Amino acid sequence: MTDTFDWSDPIATRARIEQQVKDAERRAAQAEQVRDDIAAVRERATSPGRDVAVTVDSSGRLAEVTLTDAAYDRSPAALGALIVSLAGDAQRAAGAKAVEIAAEAFGADDAAVEHLREEIAQLPDPSQDGQPRIEYR
């Protein structure tokens, strides 16, 4: 895209530069708000029997594990595998929410949103031997 602005007019040039500064400041404030909104994301995944639930934060860190007495009827290996699987589900949901927040703020085709989408797509899926199988559009 070529710039057809007439830079020889000092008043118009100054106005254009001031507008560009305002636009940059607005985008920076918007980016800060998006960062805060994404940091506040929490996603929860619950087992079909509702005996195990996990919550992760926006970075995918495990924030909470909730077990009912019925969860202890599972073998330790089965319980561990279920927790890992649920954490992966919650992590992917948190990633999808982060992409949604960023796309809402900057537009779905924004380079930062695309970068976030790519990072989220790399999250391992325990049901697929650690190979990513998730895609966000």
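No hydrogens, no waters, no symmetry mates; every other heavy atom, side chains included, goes into these values. Note that the structure is a prediction, hence the values are computed from the model and not measured.
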**Q.** hydrophobic_cluster_shared for Val41 and Val113, side chain cutoff 4.5 Å
**A.** yes
Q. To the nearest 0.5 Å, how far apart are CG in Leu67 and CG in Asp51?
A. 8.0 Å
Q: Please report the shortest heavy-atom distance between Leu62 and Ala87, naming the atom on each side.
A: CD1-CB, 4.2 Å
(Q) I'd like to know if the side chain of Arg61 and the backbone of Ser58 have a donor-acceptor N/O pair within less than 3.5 Å. (A) no
Q. Are the side chain of Arg117 and the backbone of Ala108 linked by a donor-acceptor contact shorter than 3.5 Å?
A. yes
Q: Determine yes or no for a side-chain-to-main-chain donor-acceptor pair under 3.5 angstrom, with Glu43 supplying the side chain and Gln91 the backbone.
A: no
Q: Ignoring hydrogens and angles, tell me if any N or O in the side chain of Thr13 forms a donor-acceptor pair with the backbone of Trp7 under 3.5 Å.
A: yes
Q) In terms of hydrophobic clusters joined by side-chain contacts under 4.5 Å, are Ile101 and Ile120 together? A) yes
Q.
Nearest 0.5 Å, please: how far is CG in Asp23 from CZ in Arg16?
A. 10.5 Å
Q) Roughly how far, to the nearest 0.5 Å, is CZ of Arg35 from CG of Asp37? A) 10.5 Å
Q) Hey, does Thr46 have a side-chain heavy atom less than 4.5 Å from the side chain of Leu86? A) no
Q. For Glu104, does the CD atom have more than 12 heavy-atom neighbours from other residues, nucleotides or ligands under 6.0 Å away?
A. no
Q. Should Lys97 and Glu100 count as an ion pair when the cut-off is N to O under 4.0 Å?
A. yes
Q | More than 12 heavy atoms of other groups within 6.0 Å of Asp69 CG | A | no
Q | For Ala45 against Asp89, the heavy-atom pair lying closest together | A | CB-CB, 4.1 Å
Q) How far does CD1 of Ile38 sit from CG of Leu116, to the nearest 0.5 angstrom? A) 5.5 Å
Q | CZ/Arg50: more than 12 non-hydrogen atoms of other groups inside 6.0 Å | A | no
Q) Between the side chain of Arg14 and the main-chain N/O of Pro10, is any donor-acceptor distance below 3.5 Å? A) no
Q: For the residue pair Arg44 and Thr55, confirm or rule out a side-chain donor-acceptor distance under 3.5 Å.
A: yes
Q | Check: Ser47 side chain, Val52 main-chain N or O, donor-acceptor pair, under 3.5 Å | A | yes
Q: For residues Ala94 and Asp57, report the shortest heavy-atom separation together with the two atoms involved.
A: CB-O, 3.9 Å
(Q) Do Val84 and Leu79 land in one hydrophobic cluster if side-chain heavy atoms of ILVMFWY residues count as linked below 4.5 Å? (A) no
Q: Take Arg74 and Leu82 through the side chain to side chain contact (heavy atoms under 4.5 Å, CB included) test and state the conclusion after the steps.
A: CA-CA 10 Å; Arg74 300 174 188 274; Leu82 178 59; 3.4 Å; yes
